[in-house]
Amino acid sequence: MRFFFKSHLPGFCLALLAYWLGLDSVFADTRVALVIGNGAYTSTAQLPNPSHDAEDVASSLKRSGFEVIQGIDLRQADMQDLTIRFARAASRADVAIFYYSGHAMQYNGVNYLMPVDATLTDEADLKRFVRVDDIVNDLQQAKNLRILVLDSCRDNPLAETLKRSATRAASIGRGLSRVEAPRGTIVSFSTQSGQVAADGAGRNSPYTTAFLKHIEEPQEIGDVFRDISSDVYDSSGKTQLPELSLSIIGKFYLNGPVSVTVAPAAPRADPCAAAEAHWKAADGIGTVGAFEDHLARFSSCSFASLAKARIEGLKQKVALAPATNTRAGGSKDFDGNWAVTLNCQASGKAQGFTMPLAGTVTNGVFHAEIQGKDGVNRLEIDGQIPADGKTTLSARGTTGASTYTLNNTAPGSPYAFTIDAQFERTRGSGKRNEARPCNLIFVKR
């Protein structure tokens with residue numbers, strides 16, 4: 001744990017200040033980082049950002065006093081060599097960071113990072129990948145603070161090959177599976193578990209752009225990562241919410257404030273001023289990640305207890321769901337075309353309506369959508385259907401310019417909700433929570 005006097009000097013000024021004062025270093029602790037960017041893949045789609053992401057992150061961490069082990073477009077043997085070097089370096093460090101940008105995937109709940117020369121024809125090829133669990137174990141050797149950053153929740157085309165060749169029932173989900181942070185650790189993914197992150201159109205991915213913006217700021221490290229998550233969420237139009245798990249005690253600063261002048265403290269703003277607006281957004285999304293983000297930001301405010309209750313309720317719902325609904329892949333028994341009726345009752349001044357839409361199930365995955373006249377998807381419904389037909393679908397979109405808007409939101413506002421559904425081979429039905437004004441009817445064509 002490190003303690004600093006308080007000031008507002010930016011991180012890049014610290015080394016210059018040390019030179020003026022005749023100090024050997026402003027960083028009293030030992031810091032190591034392994035930074036990897038894999039994009040030049042030989043057996044699957046190449047990624048344009050990771051090499052730039054890794055170069056820029058390495059430069060940033062060096063300015064913050066880290067000894068950086070860096071690798072770009074690593075083959076299997078080189079990736080293993082660097083992770084071994086990092087494990088040895090972490091054992092003598094106070095602070096250790098592992099940053100990775102590139103392809104990754106989850107298989108049976110285990111996350112794997114992919115070297116550029118790896119192939120994936122069957123389960124045995126996973127031995128060519130690097131297990132995230134092994135990296136987490138290496139990080140635990142650092143004495144004070146450990147940070148795992150994975151900007152790798154991209155869609156991996158090789159996962160489809162593995163699905164077709166798997167010889168036993170296996171779960172191969174989208175994105176990555178959640179990693180709970182061990183004590184003294186911060187885990188940050190570019191998007192929520194089970195979701196896919198955007199690559200972006202610039203030099204860096206959306207997540208790394210936010211990471212570079214905030215990581216050198218003289219703020220407490222938990223606040224730094226919350227600001228990173230908030231930036232990604234806002235810049236993506238509230239469609240990409242980074243997964244963040246913190247298990248740290250005390251305050252840590254990568255770029256601690258060094259004081260040269262003493263100024264009176266500014267009046268402290270009300271920490272709960274934005275709690276209500278943030279709660280409405282989190283409640284609209286309705287996921288564990290959204291409620292956890294609210295709890296992390298506003299733990300002492302009026303909606304904290306409600307956020308805890310929502311999190312507990314969602315986790316219990318997952319725990320009580322049949323194993324085949326969460327672990328098994330989608331069932332092809334329901335493949336085909338479905339007629340879907342969206343029925344929304346009148347609510348207050350909003351008029352009710354009934355709208356038909358077409359849905360399809362392909363390889364056990366359901367999808368339906370409604371497009372507005374402007375070509376924008378006003379509603380998308382997706383979900384994986386297990387063998388028993390019982391599932392939870394995810395719905396999201398933006399409200400249109402009509403007299404009916406969800407939760408009294410203005411036209412053009414984003415919304416999201418879940419649908420508990422029961423599909424049957426001849427006829428299935430499912431609907432939202434009874435407290436909500438809309439339900440869905442599914443009929444197999």
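For clarity, every value in this text was computed on a predicted model and none was experimentally measured.
When the options Asn49, Leu212, Val149 are evaluated for a side chain to side chain contact (heavy atoms under 4.5 Å, CB included) with Tyr207, the one that passes is Val149.
Taking Phe303 as the reference, Trp279 meet the ring-ring contact (aromatic ring centres under 6.0 Å, His included) condition, with sequence neighbours excluded. Partners of Thr191 according to the side chain to side chain donor-acceptor pair (under 3.5 Å) rule, which considers only residues two or more places apart in sequence or in another chain, do not exist here. In this view, Tyr112 satisfies the side chain to side chain donor-acceptor pair (under 3.5 Å) rule with no residue, not counting sequence neighbours. Partners of Ser51 by side chain to side chain contact (heavy atoms under 4.5 Å, CB included), not counting sequence neighbours, listed by chain and number: Ile72. Residues passing the side chain to side chain donor-acceptor pair (under 3.5 Å) test with Asp56 are Arg203, Asn204, sequence neighbours excluded. In terms of the ring-ring contact (aromatic ring centres under 6.0 Å, His included) criterion, residue partners of Phe298 (sequence neighbours excluded) are, by chain and number, His278, His294.
Aromatic ring orientation, Phe98 versus Tyr100: parallel (interplanar angle below 30°, classes split at 30° and 60°).
The two residues Leu246 and Gly222 come nearest to each other via the heavy atoms CD2-CA, 3.6 Å. Contact between Val179 and Val136 at its shortest, heavy atoms only, is CG1-CG2, 4.4 Å.
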Subject >> Test log, rule side chain to side chain contact (heavy atoms under 4.5 Å, CB included), inputs Ser60 and Arg63 >> reply: CA-CA 5 Å; Ser60 176; Arg63 290 193 294 268; 3.9 Å; yes

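Sparse packing is recorded around NZ of Lys213, with 12 or fewer heavy atoms of other residues, nucleotides or ligands lying under 6.0 Å away.
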